[in-house]
Protein chains: 2
Amino acid sequence: MTPREIESRVEQFGQRCREAGLSLTPQRLTIYRALLESADRPAPEALYSRVRPALPSLSLATIYKTLDTLAQLGLVAELPATGSSRRFDGNMERHHHLVCTRCGRVSDFSDPGLDGIAPPSGIKGFTAQHLAIHVHGLCRECGPGRAGH
Amino acid sequence: MTPREIESRVEQFGQRCREAGLSLTPQRLTIYRALLESADRPAPEALYSRVRPALPSLSLATIYKTLDTLAQLGLVAELPATGSSRRFDGNMERHHHLVCTRCGRVSDFSDPGLDGIAPPSGIKGFTAQHLAIHVHGLCRECGPGRAGH
DNA sequence: GTAACTGCAAAAACTTTGCTGAGTT
DNA sequence: AACTCAGCAAAGTTTTTGCAGTTAC
């Protein structure tokens, strides 16, 4: 995401917070901005490391609380992930996922060709909103032609 | 899954373990079978409760170790999930996922129409193997026209 | 007999909670 | 001034680890 895009998002973010009656604290802004700047769907702990230099007094509990708050507002997404920690993403645009079947790492990709696929509408008891594609395979590091981890 | 299918899978499972040099312990067999019998993608703890009646001395650590071992062999799948515990599935067939954007619950569905979609091949640094579709929306409980959780 | 595995208990990692002082509106 | 929030520390969960005795081969 370009710096310009980020600033525009941060501004919208401010509005959205005000609408919802949330204070605009430096912590919230910094955490949100850091999430936008992270392309790698960070875990709370990773986000914490990233934000700490700017806000040395920040606590990990605040990261958790903030992420939960923002997820409820729909400003960030909590992602389904494997492994034992939660993952978050500030990119709410249409995008798909590459999942490495060996190391479990996930990254984003976009493909206009795939965007044409419509969510199936006839599923009983489920109201489809949108759809994301997970492509499973081997990432660069685990590449084809390697033995194991 | 029918009992007959389950037995056939368990048999294949035995072969696969032998090939890999793994012992066929009662714990492993029971855990694997319990997973096949569970349609609900259980967390380790839930699987533990299910298996305990049959193996009262079983420990939770064994569940974790076993699931990791079997996942590495490709005999069970660890699923991406939101929330704070890992989820596993013994169903390795082609299927897709319904993810509730409100409560986070995930369930399986199949749709032959979607099975035709080929994994995109031109992604740089990534070798695509297969693809799964996540349909996001509202499940029956959270249904459209509800206020919140 | 050897190698692999389970159970246990302890430790580590991750997440949530309650409270108090500080910051935002 | 009222209300919301951050930081802290403690508690609660979930997951991993090391080791000794047991089991599968």
Side-chain angles (χ1 to χ4, degrees), chain A residues 10 13-34 41-73 75-76 78-88 104 149, chain B residues 10 13-32 34 41-49 51-73 75-76 78-88 104 149:
Chain A
V10 171
F13 171 76
Q15 287 178 20
R16 197 75 190 66
C17 284
R18 263 176 253 120
E19 283 168 30
L22 298 177
S23 308
L24 231 60
T25 64
Q27 288 85 342
R28 248 174 219 162
L29 281 166
T30 310
I31 291 168
Y32 181 67
R33 180 178 277 118
R41 314 145 67 75
E45 185 77 41
L47 207 47
Y48 182 52
S49 314
R50 249 163 258 181
V51 175
R52 268 211 114 172
L55 291 173
S57 73
L58 187 79
S59 86
L60 188 51
T62 298
I63 300 266
Y64 277 100
K65 287 174 191 164
T66 302
L67 289 171
D68 282 341
T69 305
L70 302 190
Q72 274 185 16
L73 257 90
L75 290 165
V76 309
E78 177 174 1
L79 306 165
T82 55
S84 44
S85 74
R86 304 169 67 187
R87 292 312 193 82
F88 292 86
H149 290 258
Chain B
V10 170
F13 171 78
Q15 287 179 20
R16 197 75 190 67
C17 283
R18 263 175 251 119
E19 284 168 30
L22 298 177
S23 308
L24 232 59
T25 65
Q27 289 85 343
R28 247 173 220 163
L29 282 165
T30 309
I31 292 169
Y32 181 68
R41 316 141 69 74
E45 184 76 41
L47 206 47
Y48 183 51
S49 314
V51 175
R52 271 211 111 172
L55 290 173
S57 72
L58 186 78
S59 86
L60 187 51
T62 298
I63 300 265
Y64 277 100
K65 287 173 191 166
T66 301
L67 289 172
D68 282 340
T69 305
L70 302 190
Q72 274 185 15
L73 257 92
L75 290 166
V76 308
E78 177 175 1
L79 305 166
T82 55
S84 43
S85 75
R86 303 170 67 187
R87 293 310 194 82
F88 292 85
H149 290 256

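Chain letters run A, B, ... following the sequence lines, proteins first and then strands; every chain starts at 1.
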Spatial distance of atom CG (B/Leu67) from atom OG1 (B/Thr62) [nearest 0.5 Å]: 10.5 Å
Rounded to whole Å, please give me the gap between CG in B/Leu47 and P in D/dT15. 12 Å
Gap between atom NZ of B/Lys65 and atom CG of B/Leu60 - 0.5 Å precision: 10.5 Å
In whole angstrom, give the distance that lies between atom CZ of B/Arg28 and atom C1' of D/dC25. 13 Å
Euclidean distance, atom CD of residue B/Gln15 to atom C1' of D/dC25 [Å, nearest integer]: 17 Å
For B/Leu29, the side chain to side chain contact (heavy atoms under 4.5 Å, CB included) test, sequence neighbours excluded, returns B/Val10, B/Phe13, B/Leu24
Does a side-chain N or O of B/Gln27 approach OP1 or OP2 of D/dA24 to a distance below 4.0 Å, or not? no
In this structure, OG of B/Ser59 is separated from CZ of B/Arg52 (nearest 0.5 Å) by 8.5 Å
Spacing between B/Leu29 atom CG and C/dT6 atom C1', to the nearest angstrom: 14 Å
Integer-rounded Å distance: D/dC5 P and A/Leu55 CG: 16 Å
Return yes if some donor-acceptor pair links the side-chain N/O of A/Arg87 with the main-chain N/O of A/Leu79 below 3.5 Å, else return no. no
Indicate for each nucleotide in nucleotides 15-25 of chain C, in 5' to 3' sequence, whether protein heavy atoms under 4.0 Å reach the base (B), only the sugar-phosphate (S), or nothing (-). BBBB-----SS
B/Thr66 side, atom OG1; B/Leu58 side, atom CG - distance, nearest 0.5 Å: 7.5 Å
When you measure from the side chain of A/Arg86 to the backbone N and O of A/Pro44, does any donor-acceptor pair fall under 3.5 Å? no
Quick one: does A/Glu45's side chain get under 4.5 Å of A/Ser85's, heavy atoms only? no
Nearest-Å distance for atom pair CD1/P, residues B/Ile31 and C/dC5: 12 Å
Which string of ( ) [ ] | and . matches DNA chain D, if you list each base 5' to 3' and count Watson-Crick or G-U pairs only when both distances are under 3.5 Å? |||||||||||||||||||||||||
Atom-to-atom span, OH of B/Tyr48 to P of D/dT15 - whole angstrom: 14 Å
Does A/Tyr32 form a side-chain contact (heavy atoms from CB on, under 4.5 Å) with A/Leu70? I'd like the steps, not just the answer. CA-CA 9 Å; A/Tyr32 181 67; A/Leu70 302 190; 4.2 Å; yes
To the nearest angstrom, the CZ-C1' distance between A/Arg52 and D/dG7 comes to 11 Å
